[in-house]
Amino acid sequence: MKKIYLVILVLSFITINVKAQSVEDSLRDQITEMKDRINGIDERLMTSESDLSKLTKIKLSGYIQTQFDNFENKAVQPNNYFSLRRVRLKATYEAADGIKFVVQPDFSPSGFSLKDAYVVLNDHFIKSGMFKNSLSLTAGKFNRLNYEVEYSSSQRELPERSTVIRALYPGERALGFKLEVNPQSIPIKLQLGMFNGNDGGFTQFSDTTGKSANNNIENKDFDNFKDIMARATYSLKLGDFGGLDFGAHAYFGSLKSSTNATLHSDYTTVDSSKVGDAVKRNWFGAEFQLFADVLGGMSLKGEYITGKNAMLGGSKFANGSLLPNFQNNFAGYYVYLIKNIGSKNQFAFRYDYYDPNTDITGSDVKVVKYNGDASKKIGKLTSSKADLAYTTLTFAWHYYFDDNIRISLAYAIVQNEKVAKNTAGVGNLTESYTNPDGTTGVNDYSDVFKQNQLTIRLQAKF
Amino acid sequence: MKKFQTKKIAASIVIIAVAIISFAFINQERITVKGSDTMVILAQKWAEVYMKKNPNASIQVTGGGSGTGISALINGSTDICNASRKMKQTEIDKLKARYNTLGVEVPCAKDGITIYLHPTNKVKELTLKQLSDIFSGRIKNWKDVGGANAEIRLYGRENSSGTYVFFKDYVVKADYAPNCQTLPGTAAVVNAVKKDVNAIGYGGAAYSAGIEICKIKKDDKSPAYEANAETIKKNQYPITRYLYMYLRNRPTGAMKAYIDWILSPEGQSLVTEMGYFPVR
């Protein structure tokens with residue numbers, strides 16, 4: 001009997017031991033399996049993280065400006081309409097620390113245009129001293145070097161840029177490159193750029209009645225001349241009061257002459273020139289931006305620009321004479337006053353003046369003396385509407401619904417420079433128009449006629 | 001060249017001036033504070049004590065990182081931003097564009113960025129150069145800095161963190177090594193280092209309780225210092241920084257009272273209590 005118990009005991013022990021062994025093996029297997037699974041998840045997570053980190057290098061931003069405009073100038077027909085002023089989508093890819101690619105198209109119901117396409121390379125070579133990591137190179141198509149040009153349309157406190165800026169920098173962007181120095185230890189910024197110089201189109205005479213912009217050859221240079229721009233700004237802190245940024249910029253450009261004479265904006269002086277000569281466009285500007293913490297934020301910004309701009313001649317009159325190039329002395333400025341009211345509201349005011357021809361006054365326009373008699377030998381050009389100065393006074397109120405939505409109401413009071421009256425008491429310069437009912441009317445430039453503009457805009461930004 | 005319709009303009013200016021003045025005096029009751037995770041425990045303590053003393057005050061504090069706080073200040077979703085780094089010029093430019101101010105910077109505490117190690121790590125002190133080499137990935141093994149023959153495991157903060165930016169700008173001076181694991185908050189960095197014998201991490205001094213702290217030397221020849229009240233006050237500890245509060249405008253009313261209290265001896269005593277270092 002004892003032997004039987006002993007055998008049962010041994011058998012039980014063996015069975016238990018085998019079972020324990022089997023449980024242990026099974027547990028080990030399970031642990032190994034779990035480890036493999038975790039390793040697998042780890043690997044997948046690392047792949048996902050790697051993919052995700054690539055995606056985080058891409059940033060998408062943009063804005064839509066939809067608006068209603070009402071024009072008081074009866075020559076504008078229709079004089080009120082809805083429009084999509086800007087529809088921008090900006091993609092920024094930070095390929096590595098200090099390397100950035102930017103593409104920004106502008107969409108419109110009829111198509112799209114490329115506003116920005118550039119690469120920025122930040123300096124990693126200067127390791128010490130005041131210029132440590134302060135250099136950057138931008139190449140491609142981007143904003144030209146001017147305060148109001150570089151100030152984003154989504155931030156700007158008035159619907160459009162000042163008249164002088166729109167005249168000098170049509171389309172704002174240009175193809176070329178710029179070098180920027182922005183030392184961390186000194187609040188100074190230096191910019192130097194080189195551009196094709198004809199971006200946004202340049203104005204070319206088209207007929208005997210005046211001038212018209214008919215030449216837009218963006219993305220391809222028209223000549224071998226390159227335009228150079230330089231801008232320097234300095235930021236001064238004014239303690240608790242705020243700060244003052246001030247600076248200057250200069251533009252040195254040329255257009256290739258395709259005719260043999262250049263008429264100056266006094267409509268008297270004619271320089272002979274050869275086809276292929278450089279017709280100079282040079283100007284200088286001084287700017288300031290004062291930021292003051294007075295009952296909330298407030299700023300006063302201004303810029304004055306003066307110099308010589310140019311338009312190309314070349315096309316022929318009916319009599320076969322070549323039209324001359326035209327060089328005009330100009331001056332323009334703007335002053336903004338912007339006041340934040342609480343965190344949701346903002347008021348803005350701008351006084352903006354642009355005189356495209358400082359050599360003659362409004363009363364000289366269309367007067368015989370200034371009708372380009374001296375240029376008869378090469379084709380007769382007459383002073384025109386394009387020589388008149390304009391003053392625009394714009395008020396705007398913005399309501400920031402949140403960080404993304406801004407509702408704006410703006411009213412621009414536009415005033416033209418007056419021309420002289422003839423013996424019949426009518427202005428030397430008039431513009432006829434047809435009303436929607438078929439009747440006609442005349443805008444007489446011997447007086448300030450109604451040409452104000454109301455804009456109601458909704459901006460959505462992301 | 002011509003005259004303006006001066007009466008119309010004058011009338012418009014008067015109307016606008018009245019509107020501006022009326023709106024400017026609108027009082028603010030509730031204060032929101034957002035930003036630095038390094039400062040969040042201090043900011044919460046300030047708010048808690050202040051609200052006890054001033055039952056009418058309502059102060060809401062959240063973290064998210066200095067970058068997140070500064071973005072919130074710019075987009076108007078917070079009144080005060082806590083930041084463990086200075087605002088960048090690009091951020092000031094955004095503030096200028098939206099609010100026409102340069103912002104107001106209030107240094108409210110000091111901090112020493114502390115290097116956390118596992119208690120079993122043989123390494124007890126490092127130079128700034130060694131730290132830079134470790135976090136940029138040039139040194140990968142503890143034996144290269146006098147430790148065991150083991151791979152160094154790096155823990156740091158996310159790029160929205162002011163501590164991440166400050167440590168990168170002042171210590172690493174290069175890109176972080178790709179294997180540096182980023183964690184949301186200093187507390188997470190401390191926990192990760194506690195569990196990993198070969199780990200090294202960085203963060204605010206206030207989070208260093210219960211973990212090994214590495215002494216830091218400016219260079220080979222300098223003495224090594226630990227982040228404490230004395231070494232930070234004397235500017236001996238090499239990785240010392242200010243902690244800031246940023247506002248859009250000069251504070252008035254309830255906001256001014258709160259900030260004045262933070263800078264008062266009572267507010268600054270809480271700085272010490274919470275493991276930071278006072279500015280005064």
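By convention in this document, chain letters (A, B, ...) are assigned in the order of the sequence lines, proteins followed by strands, and residues within each chain are numbered from 1.
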Does any backbone or side-chain atom of [X] lie under 4.5 Å from a heavy atom of chain B? Answer side chain, backbone, both or neither.
X: A:Q289; value: neither
X: A:D245; value: side chain
X: A:Q346; value: side chain

Next on the checklist: Shorter than 4.5 Å, heavy atoms on both sides: which option in B:Q89, B:K96, B:K94 has the most such pairs with chain A?
Outcome noted: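 Looking at each option in turn, the highest pair count goes to B:K96.
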| request: Determine the option with the most heavy-atom pairs under 4.5 angstrom with chain A, choosing from B:L102, B:L95, B:N100. | output: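 Answer, by heavy-atom pair count under 4.5 Å with chain A: B:N100.
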Look only at the side chain of A:N340 and the backbone of B:R98, and say whether a donor-acceptor pair between them is shorter than 3.5 Å.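 Side chain of A:N340 to backbone of B:R98, a donor-acceptor pair under 3.5 Å: yes, one is there.
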A:D293 side chain to B:R250 backbone, donor-acceptor under 3.5 Å |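 Present.
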Would you say that more than 12 heavy atoms from the other residues, nucleotides or ligands in this model lie under 6.0 Å from the [atom1] of [X], or not?
X: B:K168; atom1: NZ; result: yes
X: B:K218; atom1: NZ; result: no
X: B:K256; atom1: NZ; result: no
X: B:K194; atom1: NZ; result: yes
X: A:Y399; atom1: OH; result: yes
X: B:Y170; atom1: OH; result: no
X: B:Y242; atom1: OH; result: no

Worksheet entry | Value rounded to 0.5 Å, distance of CG in B:D93 from CD in A:E150 |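 Reported to 0.5 Å precision, the distance equals 11.0 Å.
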Pairwise side-chain contact, A:F291 with B:T101, heavy-atom cut-off 4.5 Å (strictly under):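 When only atoms from C-beta onward are counted, B:T101 and A:F291 do not touch, as no gap falls below 4.5 Å.
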